[in-house]
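Report on the following structure.
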Amino acid sequence: MRIDSDIVDVPSAATRVQVLNTQDPVLWIKFTAPTANSGITYVGDSAVSATNGYPLGAAGGVDATIELDFRGGSIAMSTFYIDAATNGDDVAWIAIFE
């Protein structure tokens with residue numbers, strides 16, 4: 001097992017960004033919207049958009065985090081994408097890989 005983390009920027013709203021282009025299997029991952037964000041960011045798969053996906057609240061509020069646990073299985077890291085309603089907003093992530 002190994003752990004990795006990063007912050008992904010969405011330079012242009014409504015333009016999804018792949019979190020990490022690797023097939024490494026994820027066992028657990030947490031996404032958080034940093035407090036500097038001014039709009040809602042979204043986490044999802046390749047169909048995520050600036051209005052569709054799991055919303056992370058702006059400015060690091062209580063609804064600014066999602067944690068996914070794939071006990072008994074895994075999912076490829078390349079599955080995850082983010083988008084934002086505001087240019088330049090970010091999503092921080094930390095993951096445990098097989």
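Positions are given from 1 along the sequence. Worth knowing before you read on, the calculation uses all heavy atoms, side chains too, and leaves out hydrogens, waters and symmetry mates.
- Cluster membership for Val26 and Met1, using ILVMFWY side-chain heavy atoms within less than 4.5 angstrom, is not shared.
- Within the 4.5 Å cutoff, no side-chain heavy atoms of Val10 are placed close to those of Asp89.
- Asp83 places a side-chain N or O within donor-acceptor distance of the main-chain N or O of Ala14, the cut-off being under 3.5 Å.
- With hydrogens and angles ignored, the 3.5 Å screen pairs a side-chain donor or acceptor of Arg16 with a backbone N or O of Ser46.
- Put simply, the side chain of Leu56 does not reach to within 4.5 Å of the side chain of Ile40, judged on heavy atoms.
- Inter-residue side-chain proximity for Ser78 and Thr22 is flagged as unmet; no heavy-atom pair is nearer than 4.5 Å.
- One side chain, Thr32 or Thr65, offers a donor N or O that lies under 3.5 Å from an acceptor on the other.
- A heavy-atom distance below 4.5 Å is not found between the side chains of Tyr54 and Val48.
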| task | Please step through side-chain contact (heavy atoms from CB on, under 4.5 Å) for the pair Val17 and Asp9, ending with a clear verdict. | result | CA-CA 8 Å; Val17 176; Asp9 179 55; over 6 Å; no
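- Between Thr86 and Gly39, the closest heavy-atom pair is OG1-CA, 3.4 Å.
- Under a hydrophobic clustering in which Ile, Leu, Val, Met, Phe, Trp and Tyr are joined whenever their side-chain heavy atoms come within less than 4.5 Å, directly or via other members, Tyr42 and Tyr81 fall into the same cluster.
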| query | Can you list the steps and then say if Trp93 with Val43 is a side-chain contact (heavy atoms from CB on, under 4.5 Å)? | reply | CA-CA 11 Å; Trp93 62 269; Val43 175; over 6 Å; no
| said: Pair Val91, Ile82 - check side-chain contact (heavy atoms from CB on, under 4.5 Å), show working. | reply: CA-CA 8 Å; Val91 172; Ile82 61 168; 3.8 Å; yes
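- Using a 4.5 Å heavy-atom cutoff, the side chains of Trp28 and Arg71 are not in contact.
- Criterion: ILVMFWY side-chain heavy atoms under 4.5 Å apart, direct or through other members. Under it, Ile66 and Met77 are part of a common hydrophobic cluster.
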| task | Begin from the C-alpha positions of Glu98 and Asp24 and carry the test side-chain contact (heavy atoms from CB on, under 4.5 Å) through to its verdict. | result | CA-CA 8 Å; Glu98 276 186 359; Asp24 291 350; over 6 Å; no
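- A single hydrophobic cluster is seen to contain both Val8 and Phe97, as judged by linkage of ILVMFWY side chains at heavy-atom distances under 4.5 Å, directly or through other members.
- Although no hydrogens or angles enter the test, the distance criterion places no donor-acceptor pair under 3.5 Å between the side chain of Ser12 and the main chain of Thr15.
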| Derivation of the ring-ring contact (aromatic ring centres under 6.0 Å, His included) call for Phe80 and Phe31 | CA-CA 10 Å; Phe80 298 106; Phe31 295 98; 5.4 Å; yes
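- Ala33 approaches Gly57 most closely through the heavy-atom pair CB-O, 3.4 Å.
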